[in-house]
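Bear in mind the structure is a predicted one, so any value in this text is a computation, not a measurement.
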Amino acid sequence: MASEDSTKGTIMAQPPNPHFHTPIGPGSAKPKRPWFKKKRFVIPGALVVLAGFGGALAGDEPATEPRPVAVTTPTVASESPSAAPKKSESAATEPTATTEKADTPVATSTVEDTPSVEETTPEPEPELAVDPYAVRYGTFDVVEESGSGDSIVAVPEGITAALVTATHTGSRNFVIQSLDANNEVRDLLVNEIGPYSGTVDFGVTGWSDAPSMLQIKADGAWTITLSPVGTAPAPGADLSGTGDSILRYEGAAGIATVNHAGESNFVIHFTDGTSPDLLVNEIGAYSGEIPIKSGPALIAVKADGDWTITIT
């Protein structure tokens, strides 16, 4: 018994208990095995376990049949959510398009703003033409003086060349001459008898220094106006006047036909700011043709009568 049990590995041999006495009699037999070790119970139990396991396996098979349905339903459900993100993606795309559309007005407003920027941007001013007379002779504020009889008129500092327009209402000599800082006479500007009205100049030829004063000899009332040289009139190709005059000439070189109806000196100077050219120096009436250089230049006429100059 002990060896059989040890072979099966279910019951271990134990030393005899001195206090335990094996019953003796007809009913005593070999000790009974536990019910769960008997073959009639072990084999059917094993079959039951196998049957249960097989049933479990068999029971799982029907469960697998509806899996396509169960899986299909979640698949549809999963497709719906997957479609929903697509909608959300399209929805996310739509705001992007909306943003792009919203950006379009911004670009349009920018384009619309461009003309206003161009309108507000000041255009560069055209370059002013250089005034050759201002460059050569300078400029200043007009000076006006008046008096009667002999007088001295101070020339403001800084004026080196000017037009001198004078009038006289007396009946005797009327003389205007320029003086330097030492009161030396530099130029004789006017020397007439009786009434006078005309325009002469000083400092145009550059032969002498700028005057400090103008000496006036007169027996009547007089006026003197000092003006920049560039304010001289420029009548064009047809020049005409009476008495002393200063004119601008800005045309091309040509031939000048000259006429004079006076009785005294008739003199014409042509100057571009350097040395003057003496074109005419006659007494009394005059008629003739003379060459004229191109301008810009000044034509200074000294006469006691009417005169004309036509340049062709």
Side-chain angles (χ1 to χ4, degrees), residues 125-145 153-167 176-181 186-190 196-214 216 223-258 260 266-281 290-303 307-312:
E125 296 182 359
E127 294 182 0
L128 298 177
V130 177
D131 183 358
Y133 305 99
V135 173
R136 294 172 185 173
Y137 307 111
T139 185
F140 54 87
D141 294 334
V142 174
V143 178
E144 295 181 351
E145 297 288 346
V153 174
V155 176
E157 186 177 355
I159 298 178
T160 58
L163 302 180
V164 181
T165 302
T167 64
I176 301 176
Q177 54 191 6
S178 63
L179 306 177
D180 60 17
R186 305 303 301 176
D187 292 309
L188 180 62
L189 306 181
V190 177
Y196 175 83
S197 179
T199 300
V200 294
D201 69 86
F202 67 76
V204 171
T205 61
W207 287 347
S208 60
D209 296 335
S212 298
M213 294 174 290
L214 296 178
I216 299 172
T223 63
I224 288 181
T225 302
L226 303 181
S227 305
V229 175
T231 62
D238 295 330
L239 294 79
S240 62
T242 300
D244 297 341
S245 300
I246 303 292
L247 304 173
R248 285 184 296 153
Y249 178 68
E250 298 173 354
I255 302 300
T257 301
V258 181
H260 177 239
F266 179 60
V267 179
I268 298 178
H269 283 98
F270 182 95
T271 179
D272 59 359
T274 58
S275 61
D277 293 333
L278 181 60
L279 303 181
V280 177
N281 186 11
I290 55 176
I292 293 290
K293 297 179 181 179
S294 61
L298 294 173
I299 296 178
V301 179
K302 189 172 227 15
W307 54 266
T308 61
I309 301 175
T310 302
I311 302 173
T312 56

Excluding sequence neighbours, so at least two apart, what forms side-chain hydrogen bond (donor to acceptor under 3.5 Å, both in side chains) with Y196?
-> D244

Residues two or more places apart in sequence or in another chain: which of them pass side chain to side chain contact (heavy atoms under 4.5 Å, CB included) with A161?
-> Y137, V229

Does the pair L239 and W307 meet the rule for a side-chain contact (heavy atoms from CB on, under 4.5 Å), with working shown?
-> CA-CA 8 Å; L239 294 79; W307 54 266; 4.1 Å; yes

Kindly say whether A210 contributes a backbone atom to a donor-acceptor pair with the side chain of T160 at under 3.5 angstrom?
-> no

Sorted by first residue and then second, give each salt bridge (Lys or Arg N to Asp or Glu O under 4.0 Å) pair with at least one member in residues 269-281; sequence neighbours left out.
-> D277-K293

Can you tell me how far CG of D141 sits from CG of L226, rounded to the nearest 0.5 angstrom?
-> 12.0 Å

Going from CD1 on I299 to CG on L279, what distance comes out if it is rounded to the nearest 0.5 angstrom?
-> 7.5 Å

What pairs meet the side chain to side chain donor-acceptor pair (under 3.5 Å) rule with one or both residues in residues 224-242, with sequence neighbours excluded?
-> T242-D306

Nearest-0.5 Å distance, NE2 of residue H260 to CD1 of residue I309 | 10.5 Å

Heavy-atom closest pair (G230 atom, Y133 atom, distance to 0.1 Å) is CA-CB, 3.6 Å

CA sep, side-chain torsions, deciding dist, call: F270, I290, side-chain contact (heavy atoms from CB on, under 4.5 Å) = CA-CA 11 Å; F270 182 95; I290 55 176; over 6 Å; no

To the nearest 0.5 Å, how far apart are CG in L214 and CG in L179?
-> 7.5 Å

Can you name the closest pair of heavy atoms from S212 and A181 and give their distance?
-> OG-N, 3.5 Å

From CD1 (I268) to CG (L247), nearest 0.5 Å = 10.0 Å

Y249 to G236 - nearest heavy-atom pair and separation | CD1-O, 4.1 Å

Which atom pair, heavy atoms only, marks the closest approach of V155 to P211?
-> CB-O, 3.7 Å

Could you list the residues that satisfy side-chain hydrogen bond (donor to acceptor under 3.5 Å, both in side chains) with T167, not counting sequence neighbours?
-> T223

When every non-hydrogen atom of T139 is compared with those of P228, the smallest separation belongs to OG1-CG, 3.8 Å

Which atoms form the tightest heavy-atom contact between A166 and I224, and what is the distance?
-> CB-CG1, 4.3 Å

So CD1 of I176 and CZ of F202: to nearest 0.5 Å the spacing works out to 11.0 Å

Qualifying residues under side chain to side chain contact (heavy atoms under 4.5 Å, CB included), relative to T199, sequence neighbours excluded = L163, T165, I246

